[in-house]
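Heads up, the thing below is written out as structure tokens.
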Amino acid sequence: MHYTNYFAKMKQLNLIEVGILECLKRNRGRLLTIDLISNDPVEQHYIHKYIGGLAEKGFVEKVGEDKYRIIEL
């Protein structure tokens, strides 16, 4: 977890983005949809809001219409 905190500070990521990356990292490169990342509708809203930015920054790969996987950090 220490490495993730250092990485987040270097890349200027917020806590929501770090949480998304941690969840995708735990799933070892499998494709996930937002509803598999979280069952909570409020959390899904925030994930949907921030995951596109992570894809643009090159941290997350978007596959198809709504599936995501982490790009190795």
Side-chain angles (χ1 to χ4, degrees):
M1 191 65 149
H2 183 274
Y3 173 76
T4 303
N5 291 339
Y6 177 73
F7 181 78
K9 284 182 182 178
M10 284 184 52
K11 301 295 181 179
Q12 297 179 350
L13 300 175
N14 64 40
L15 289 176
I16 296 171
E17 292 170 327
V18 171
I20 294 168
L21 291 175
E22 282 293 319
C23 182
L24 292 172
K25 193 162 127 181
R26 276 191 304 245
N27 284 284
R28 301 182 186 144
R30 288 183 287 174
L31 292 173
L32 295 178
T33 58
I34 291 174
D35 62 333
L36 289 175
I37 296 172
S38 174
N39 293 329
D40 182 17
V42 175
E43 287 180 6
Q44 288 178 358
H45 169 75
Y46 282 107
I47 292 168
H48 188 58
K49 183 177 176 182
Y50 285 96
I51 202 161
L54 288 171
E56 288 176 11
K57 293 176 185 176
F59 297 114
V60 174
E61 176 184 8
K62 184 176 182 178
V63 179
E65 215 167 292
D66 62 346
K67 294 181 182 176
Y68 301 91
R69 91 170 110 210
I70 193 166
I71 295 174
E72 288 301 316
L73 303 176

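Atoms considered below: every heavy atom in the structure, side chains included; atoms not considered: hydrogens, waters and symmetry mates.
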* Considering only heavy atoms from C-beta outward, does the side chain of L24 approach that of F59 to under 4.5 Å? -> no
Calculate, to the nearest 0.5 Å, the distance between atoms [atom1] and [atom2] belonging to [X] and [Y] respectively.
X	Y	atom1	atom2	result
D66	D35	CG	CG	8.0 Å
R26	I70	CZ	CD1	10.5 Å
H45	I34	NE2	CD1	11.0 Å
E43	I16	CD	CD1	9.5 Å

Contacts of L36 meeting side chain to side chain contact (heavy atoms under 4.5 Å, CB included) (sequence neighbours excluded), chain-then-number -> L32, T33
Of K62, R69, E61, the one forming a side-chain contact (heavy atoms from CB on, under 4.5 Å) with L31 is R69
Handout entry: Steps toward side chain to side chain contact (heavy atoms under 4.5 Å, CB included) verdict (L13, L54)
Key = CA-CA 9 Å; L13 300 175; L54 288 171; 4.2 Å; yes
Nearest heavy-atom approach of G58 to I71 is O-CD1, 3.5 Å
Is there a path of hydrophobic side-chain contacts, each under 4.5 Å between heavy atoms of I/L/V/M/F/W/Y residues, joining I20 to L15? no
Contacts of K57 meeting salt bridge (charged side-chain N to carboxylate O under 4.0 Å, His left out) (sequence neighbours excluded), chain-then-number -> E17
